[in-house]
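Here the structure is laid out as C-alpha coordinates; the discussion comes afterwards.
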Amino acid sequence: MLVCKGVSINTIPEIANTKASRREGEVEFSSSNEEGYNSPLTLLELRVALHRSGNTAAGPDGLHFIMLRHLSESSILFLLLMLNRIWETQVFPTQWCHAHVLPFPKPGKDPTSANNYRPIALC
(Lines give C-alpha, C1' and ligand atoms only; values in the text may rest on other atoms or scores of the structure.)
Protein backbone atom coordinates (compact mmCIF):
# COMPACT_ATOMS: atom_id res chain seq x y z
CA MET A 1 0.00 0.00 0.00
CA LEU A 2 1.35 3.39 -0.97
CA VAL A 3 1.71 5.83 1.90
CA CYS A 4 2.64 9.45 1.35
CA LYS A 5 3.22 11.70 4.36
CA GLY A 6 1.36 9.29 6.61
CA VAL A 7 -1.79 9.10 4.42
CA SER A 8 -2.51 6.02 2.36
CA ILE A 9 -3.24 6.94 -1.26
CA ASN A 10 -5.87 4.16 -1.25
CA THR A 11 -7.90 6.05 1.37
CA ILE A 12 -8.48 8.99 -0.99
CA PRO A 13 -11.71 7.98 -2.82
CA GLU A 14 -10.93 9.72 -6.12
CA ILE A 15 -7.54 8.03 -6.40
CA ALA A 16 -8.82 4.62 -5.28
CA ASN A 17 -11.67 4.76 -7.84
CA THR A 18 -9.36 5.84 -10.66
CA LYS A 19 -6.86 3.15 -9.75
CA ALA A 20 -9.57 0.46 -9.69
CA SER A 21 -11.04 1.56 -13.02
CA ARG A 22 -7.67 1.50 -14.79
CA ARG A 23 -6.46 -1.80 -13.39
CA GLU A 24 -5.89 -4.33 -16.13
CA GLY A 25 -4.71 -7.92 -16.19
CA GLU A 26 -1.18 -9.21 -16.34
CA VAL A 27 0.99 -7.88 -19.14
CA GLU A 28 1.80 -10.52 -21.74
CA PHE A 29 5.41 -10.15 -22.91
CA SER A 30 5.65 -13.19 -25.15
CA SER A 31 5.42 -12.77 -28.89
CA SER A 32 5.52 -15.20 -31.77
CA ASN A 33 6.94 -12.71 -34.26
CA GLU A 34 10.56 -11.98 -35.02
CA GLU A 35 10.34 -8.19 -35.10
CA GLY A 36 13.53 -6.24 -34.43
CA TYR A 37 12.13 -4.75 -31.25
CA ASN A 38 11.92 -8.25 -29.76
CA SER A 39 15.64 -8.85 -30.13
CA PRO A 40 18.17 -8.39 -27.31
CA LEU A 41 19.53 -4.93 -26.63
CA THR A 42 22.80 -4.12 -28.38
CA LEU A 43 25.74 -2.30 -26.85
CA LEU A 44 25.15 0.63 -29.22
CA GLU A 45 21.47 0.86 -28.23
CA LEU A 46 22.40 0.87 -24.54
CA ARG A 47 25.01 3.59 -25.06
CA VAL A 48 22.54 5.74 -27.05
CA ALA A 49 19.84 5.30 -24.37
CA LEU A 50 22.25 6.30 -21.60
CA HIS A 51 23.46 9.29 -23.62
CA ARG A 52 19.88 10.49 -24.30
CA SER A 53 18.68 10.09 -20.73
CA GLY A 54 18.02 13.28 -18.82
CA ASN A 55 19.34 14.35 -15.46
CA THR A 56 16.30 13.12 -13.60
CA ALA A 57 15.87 12.41 -9.91
CA ALA A 58 17.04 9.08 -8.56
CA GLY A 59 14.51 6.39 -7.74
CA PRO A 60 14.41 4.15 -4.67
CA ASP A 61 17.77 2.62 -5.61
CA GLY A 62 19.52 6.01 -5.36
CA LEU A 63 21.08 5.71 -8.83
CA HIS A 64 21.26 8.81 -11.02
CA PHE A 65 21.61 8.55 -14.80
CA ILE A 66 24.82 10.56 -14.56
CA MET A 67 26.29 7.64 -12.62
CA LEU A 68 25.25 5.17 -15.32
CA ARG A 69 26.73 7.38 -18.04
CA HIS A 70 30.15 7.19 -16.38
CA LEU A 71 30.36 3.42 -15.90
CA SER A 72 33.54 1.62 -16.87
CA GLU A 73 33.54 -0.51 -20.02
CA SER A 74 33.30 -3.73 -18.03
CA SER A 75 30.39 -2.33 -15.98
CA ILE A 76 28.50 -1.31 -19.14
CA LEU A 77 28.98 -4.80 -20.56
CA PHE A 78 27.69 -6.30 -17.29
CA LEU A 79 24.68 -3.95 -17.38
CA LEU A 80 23.96 -5.01 -20.97
CA LEU A 81 24.20 -8.69 -19.99
CA MET A 82 21.87 -8.13 -17.01
CA LEU A 83 19.26 -6.20 -19.04
CA ASN A 84 19.24 -8.82 -21.79
CA ARG A 85 18.88 -11.64 -19.27
CA ILE A 86 15.89 -9.83 -17.74
CA TRP A 87 14.40 -9.32 -21.22
CA GLU A 88 14.86 -12.96 -22.22
CA THR A 89 13.71 -14.57 -18.97
CA GLN A 90 10.93 -12.02 -18.29
CA VAL A 91 11.92 -12.07 -14.61
CA PHE A 92 12.27 -8.58 -13.21
CA PRO A 93 14.09 -7.74 -9.98
CA THR A 94 11.57 -7.30 -7.17
CA GLN A 95 13.06 -3.87 -6.43
CA TRP A 96 11.84 -2.73 -9.87
CA CYS A 97 8.26 -3.31 -8.72
CA HIS A 98 8.50 -0.41 -6.28
CA ALA A 99 8.52 3.31 -6.88
CA HIS A 100 8.37 6.50 -4.89
CA VAL A 101 5.19 8.25 -6.00
CA LEU A 102 4.97 11.94 -5.27
CA PRO A 103 1.81 13.98 -5.84
CA PHE A 104 2.35 17.36 -7.51
CA PRO A 105 -0.46 19.93 -7.75
CA LYS A 106 -1.54 20.89 -11.25
CA PRO A 107 -0.80 24.56 -11.95
CA GLY A 108 -3.73 26.87 -11.35
CA LYS A 109 -5.93 24.15 -9.82
CA ASP A 110 -7.46 23.87 -6.35
CA PRO A 111 -4.87 22.02 -4.22
CA THR A 112 -7.52 20.79 -1.78
CA SER A 113 -8.94 18.36 -4.38
CA ALA A 114 -7.14 15.08 -5.03
CA ASN A 115 -8.26 15.26 -8.67
CA ASN A 116 -5.99 18.26 -9.14
CA TYR A 117 -2.76 16.38 -8.47
CA ARG A 118 -0.59 14.43 -10.89
CA PRO A 119 1.57 11.56 -9.67
CA ILE A 120 5.25 11.42 -10.48
CA ALA A 121 6.81 8.00 -9.98
CA LEU A 122 10.51 7.71 -9.28
CA CYS A 123 11.42 4.19 -10.32
Side-chain angles (χ1 to χ4, degrees):
M1 179 186 311
L2 178 62
V3 176
C4 185
K5 292 188 179 179
V7 176
S8 167
I9 291 293
N10 292 325
T11 62
I12 300 171
E14 292 91 349
I15 293 176
N17 292 337
T18 301
K19 197 168 115 178
S21 69
R22 296 197 179 158
R23 187 172 290 140
E24 297 179 18
E26 291 288 322
V27 177
E28 178 60 48
F29 288 101
S30 62
S31 174
S32 61
N33 63 33
E34 298 296 323
E35 299 293 334
Y37 55 75
N38 285 331
S39 60
L41 187 66
T42 67
L43 182 58
L44 177 61
E45 290 169 328
L46 177 59
R47 288 187 190 280
V48 168
L50 290 174
H51 177 72
R52 290 183 179 173
S53 62
N55 292 322
T56 57
D61 60 6
L63 288 175
H64 293 267
F65 277 111
I66 194 78
M67 297 165 78
L68 295 174
R69 282 195 207 116
H70 290 90
L71 289 173
S72 67
E73 186 66 21
S74 62
S75 296
I76 289 207
L77 291 172
F78 179 78
L79 179 62
L80 179 65
L81 175 70
M82 182 187 70
L83 291 172
N84 281 328
R85 181 167 293 149
I86 291 168
W87 179 257
E88 291 165 2
T89 63
Q90 300 176 17
V91 177
F92 295 87
T94 55
Q95 296 88 345
W96 288 11
C97 298
H98 302 281
H100 291 156
V101 179
L102 305 172
F104 283 90
K106 294 177 182 176
K109 300 286 185 172
D110 177 15
T112 62
S113 172
N115 287 330
N116 295 329
Y117 282 78
R118 59 185 176 93
I120 300 294
L122 301 176
C123 302

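Counting begins at 1 with the first residue of the sequence.
Counting all heavy atoms, side chain and backbone alike, Ile66 lies closest to His70 at O-ND1, 2.8 Å. Of all heavy-atom pairs spanning Leu79 and Leu71, the tightest one is CD2-CD1, 4.1 Å. A pairwise comparison of heavy atoms in Leu80 and Leu41 identifies CD1-O, 3.3 Å as the closest pair.
With sequence neighbours left out, Asn116 forms a side chain to side chain contact (heavy atoms under 4.5 Å, CB included) with Lys109, Asp110, Ser113. By the salt bridge (charged side-chain N to carboxylate O under 4.0 Å, His left out) test, Arg47 pairs with Glu73, sequence neighbours left out. Applying the side chain to side chain contact (heavy atoms under 4.5 Å, CB included) test to Ser72 and every residue at least two apart in sequence or in another chain returns Ser74, Ser75. Listed by chain and number, the residues in a side chain to side chain contact (heavy atoms under 4.5 Å, CB included) with Thr94 amount to none (sequence neighbours excluded). The side chain to side chain contact (heavy atoms under 4.5 Å, CB included) check on His98 picks up nothing, with sequence neighbours excluded.
The hydrophobic cluster containing Ile86 also contains Leu43, counting ILVMFWY residues as joined when their side-chain heavy atoms lie under 4.5 angstrom apart, directly or transitively. A chain of hydrophobic side-chain contacts below 4.5 Å, direct or via other Ile, Leu, Val, Met, Phe, Trp or Tyr residues, connects Leu77 to Leu68. The hydrophobic clustering, which links ILVMFWY residues whose side-chain heavy atoms are closer than 4.5 Å, places Phe78 and Leu83 apart.
Side chain of Arg69 to backbone of Leu50: a donor-acceptor contact under 3.5 angstrom is found. No side-chain donor-acceptor contact under 3.5 Å links Asn84 to the backbone of Pro40. For Glu45 (side chain) and Thr42 (main-chain N/O), a donor-acceptor pair under 3.5 Å exists by modelled atom type.
Chaining together hydrophobic side chains whose heavy atoms lie under 4.5 Å apart leaves Tyr117 on its own.
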